[in-house]
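What follows is a single structure, written as structure tokens, with notes after it.
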Amino acid sequence: MTHEYIPAEIEAAAQDYWDENQCFSVYEDPEKEKYYCLSMLPYPSGQLHMGHVRNYTIGDVISRYQRMLGKNVLQPMGWDAFGLPAENAAIANRTPPAKWTYENIGYMKDQLKRLGFAYDWNRELTTCSAEYYKWEQWFFNRLLEKGLAYKKMSVVNWDPVEQTVLANEQVEKGRGWRSGALVERREISQWFIRITAYAEELLNEIDNLEGWPDAVRTMQRNWIGRSEGVEFTFAVEGEEPLGVYTTRPDTILGITFISVAAEHPLALKAATGNPDIAAFIRECKNANTTEEELETMEKKGVPLGIQGIHPITGEKIDIWAANFVLMGYGTGAVMAVPAHDQRDWEFARKHHLEIRPVIKCPDGTPHNYDEGSLTTKDGVVCNSGQFDNLNYSEAFEAIANYLEERNVGRKTVNYRLRDWGVSRQRYWGCPIPVVYGEDGQPVAVPDDQLPVVLPEDVEFSGVQSPIKNDPGYYQTSLPGTRDPATRETDTFDTFFESSWYYARYCCPGQEDAMLDERANYWLPVDQYVGGIEHAVLHLLYARFFYKLMRDAGMVNSDEPFTRLLCQGMVLNGGVKMSKSKGNIVDPQEMIDLYGADTVRLFIMFASPPEQAVEWNDGAVAGAHRFLRRWWSFVQRMKTTIAPARKQLQDPSWSRDLTDTRARDLRRVTHRILERVNRDYDKIHYNTVVAGAMELFNHLEKFDAEANAHCAAALRESVVMLNKILSPITPHIAHRLWHELGEEGDIMDARWPVVDREALKSDTVKLVIQVNGKLRSEMEVPVSSTRKEIESMAVRDPKAQRFIRGKDIRKTIVVPGRLVNIVV
RNA sequence: GCCGGGGUGGCGAAAUUGGUAGACGCGCCAGACUCAAAAUCUGGUUGGGGCAACCCAGUGUCGGUUCGAGUCCGACCCUCGGUACCA
């Protein structure tokens, strides 16, 4: 059997062909409609995992489909090469991060090639190369010039044993994951990018992102968290006034205490003469910095013995230090209204603080806080003097105006979004291009001295960043002088690299600029594909960065990603594949065993792209079985259907097709095609594959040898099915295309179009329901009127059994679907 | 805690978005081929009842709207993603 299905041979041959003919290299062609399909670039962790395979197969199917629709398709690939895992590997293997990273890239690139992805490899980029990050440093200088980059104190996880900053991921139950030491909150000076200056635009433009999943749009809206409220101050004797922000000014008369962060100046000052407060502040340092931790930990506090003066009543309100308030988020102080806020209520109950209701219960019942009958929703104000009986918006206005007139407050818009902290105290990242003079003031490294190159040949044995201990790196001079200076040894957050890589793909080889005019041919990205875990951070930073580039005149659209698809995870045994769970299925083994087409087919078939997919060895074998059957079917039939090739080139070939069997096959084929095309457009590839299998089941049962009409009909279906499968299983499709004697390459073939004539049928099947329950079905002429359908349904013998002896109250006819008789 | 998803046969899922619940595949059962097994092919396969035609129940739980609900509304349970230094 020379015509056995041997994927290894077929796939290697197809890949060589694509490589040699540069089939996926694309150029700007103003004559053609462009389509930019982008998959999130991988972190080069060592090997591809199934999540990558799924992500990139989805992107590849989209790209190949769009190409067959006649578009000029760009699909690039690159490496998100900076990051923490390289440092961990360096410690574990005593390999410098750069070496480890480049080796991984080499291996993973080979794996990607073996999966047959239609990438334009000429545009490959690696974010840890100085050619790439040079432009990041250059752009940072532009942000400095505009005042969009600045320094401020900010909290980090400090490991007192290793004397280093830990990522949240490196903190386990409050302890450093290697040292086991209790982690401390520590404030250090860090670089920030002013994303809050773009908060309004980032929020408003979410409305225009119609090609994005609603879930992501909602999450981004909530993350930005625009609120309208009032900001006002409490006078504090001998101190600066204490500012707070609230969205509930209607409850201001219910304030019974104020909480400030443990790091707040008022707390620190109070601690000097009070060991209890000092101890509490020390205790607060032993906490993680995550929001989750902040919100779920036990709420603790101590009174500072100082009071703020209520701006309306003039009452003295006790100020507490609390562990759930963080310095640096807002003012570091919050007002507390325990009668109408769950957290404040719990805190007040614990510390026996006054609970003063100022909003009437909705049903008029009295407040009973021992039972916890808490009104947290807005309502009618009470116990608030002149503001009594106002509703929420009236009270909001009246109280805001009151504070504004007395110059102690004002209405304001607030965002939950905080500025983007980009400093990382790590080695394996892009150096922040700044030096510090002897006065400690930061000075930008001039453009002509960029890039500031990260030394790659380093000893990395401990957890400390090697460049922080390397005078050869950090000792320098102030630009344009001989004055000694010290380099910034922090590096950028790796989200910096992934915020603009999609634009750089458009400008391969450009050494003199960050981007050039080619970017505006390809951008914005038409379809972005990646994991839902990036719903907020990466996708928000990338949107922000794009607007920064727009305002720097480098791109001329407002949003980087027109459509977004978030693929689900790959699970095994109901949980995510991971090393720690020991449930990893190695894509390489699967490719070796079955071939890339089988792996691609399985992963597209098993689940809709947005949903989690469960790995199933048996189903993979099933996908392979299908390809083998399809392959041998074509081998068996290709001679029979060969003579019809010329005939099918005439667009009106089917007009003379009189054989009923041939016409039936065409009806089935085009009905399935109609569904398949719809599903391709909607990126429902699991049902595309189901449709392909269904069509194939029909073809296998079809007798093509009956006559020439049947042979022609089968040829149409076979060629069509090969096209339908080709974006998903491109190698076998490429080969069979040639075996079928078709011209050119299938990747440039025209996508099949539904023949409306072929769909036509004389009759239609209708379901008969009685009281909404299925009781019978009937075949009626398509031309039947509503009346005719009703009377046929009522006379139907099976339906009669449920109608007889009862009054027909009404009859509902849904054309083409059903009749429901209500008795 | 907060924000956002998801719960449908033994399993992955489908259902033209309010109109036949379970397409397609996996698994399983039976049969064919074989000395036998594997592979392959054919048929069956939501559960319960019935010789059968058929009947009843059924889409996480409870309630509601509707001629009709997996789909819409309300409450709840479980689970997954994110939570600003994992990427």
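In what follows, chains are A, B, ... by sequence order, proteins preceding strands, each numbered from 1. Since this is a predicted model, take the numbers as computed values, not measurements.
- Counting non-hydrogen atoms of neighbouring residues, nucleotides and ligands closer than 6.0 angstrom, the CG atom of Asp807(A) reaches no more than 12 such neighbours.
- In terms of position on RNA chain B, the residue among Glu694(A) and Asn820(A) whose nearest nucleotide sits closer to the 5' end is Glu694(A).
- Rounded to the nearest Å, the gap between the C1' atom of rA15(B) and that of rC33(B) is 38 Å.
- Listed by first residue number, the stems of RNA chain B with at least three Watson-Crick or G-U pairs below 3.5 Å are B:1-7 with B:77-83, B:10-12 with B:24-26, B:27-32 with B:40-45, B:46-49 with B:54-57, B:60-64 with B:72-76.
- With hydrogens and angles ignored, the 3.5 Å screen pairs no side-chain donor or acceptor of Gln769(A) with any backbone N or O of Ile812(A).
- In this structure, rG50(B) is classed as anti because its glycosidic torsion departs from zero by more than 90°.
- When the C1' atom of rA21(B) is taken as reference, atom CG of Leu818(A) falls 14 Å away, rounded to whole Å.
- Between Trp631(A) and Glu4(A), the side chains place no donor N or O within less than 3.5 Å of an acceptor N or O (distance only, hydrogens not considered).
- Taking side-chain N and O atoms only, Lys798(A) has a distance below 4.0 Å to OP1 or OP2 of rC54(B).
- In this structure, Thr296(A) reaches the bases: a heavy-atom distance under 4.0 Å links it to at least one base atom across the strands shown.
- rU17(B) has its base syn relative to the sugar, with a glycosidic angle deviating from 0 by at most 90°.
- Taking atom P in both rC26(B) and rG18(B), the straight-line distance is 32 Å, to the nearest Å.
- We find that CZ of Arg628(A) is positioned 12 Å from C1' of rA38(B), with the value rounded to whole Å.
- Put simply, the side chain of His534(A) does not reach to within 4.5 Å of the side chain of Val216(A), judged on heavy atoms.
- Using a 4.0 Å heavy-atom cutoff across all strands shown, Val767(A) reaches at least one base atom of the nucleic acid.
- For Gly83(A) and Asn697(A), each mapped to the nucleotide of RNA chain B holding its nearest heavy atom, the one lying further toward the 5' end belongs to Asn697(A).
- Arg625(A) comes within 4.0 angstrom of the backbone, heavy atoms only, and of no base.
- Here Arg756(A) pairs with Glu674(A) in a salt bridge; the nearest charged N to carboxylate O distance falls below 4.0 Å.
- When heavy atoms are screened at a 4.0 angstrom cut-off, Arg629(A) is found touching the sugar-phosphate backbone but no base atom.
- Note on Gln425(A): a base of the nucleic acid sits closer than 4.0 angstrom, heavy atoms only.
- Of the candidate nucleotides rC41(B), rA84(B), rC86(B), rA84(B) has the atom nearest to the side chain of Thr290(A).
- Here Leu84(A) lies in heavy-atom contact (under 4.0 Å) with sugar-phosphate atoms only.
- Looking at the side chain of Glu533(A), the nearest of the listed nucleotides rG82(B), rA23(B), rU20(B) is rG82(B).
- Using a distance-only test at 3.5 Å, with no hydrogens or angles considered, no donor-acceptor pair links the side chain of Asn686(A) to the main chain of Met604(A).
- Rounded to whole angstrom, the span from the CG atom of Asn168(A) across to the P atom of rG82(B) amounts to 13 Å.
- Asn104(A) and Trp79(A) form no side-chain donor-acceptor contact under 3.5 Å, judged by distance and modelled atom types alone.
- Checked by atom type, the side-chain pair Glu488(A)/Trp191(A) shows a donor-acceptor distance below 3.5 Å.
- For rC62(B) and rU8(B), the P atoms lie 16 Å apart once the distance is rounded to whole Å.
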Letter by letter from the 5' end, nucleotides 2-15 of chain B scores (B base, S sugar-phosphate only, - none; protein heavy atoms under 4.0 Å) -SSS------BSS-
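- Within 4.0 Å of Thr811(A), counting heavy atoms only, lies no atom of the nucleic acid at all.
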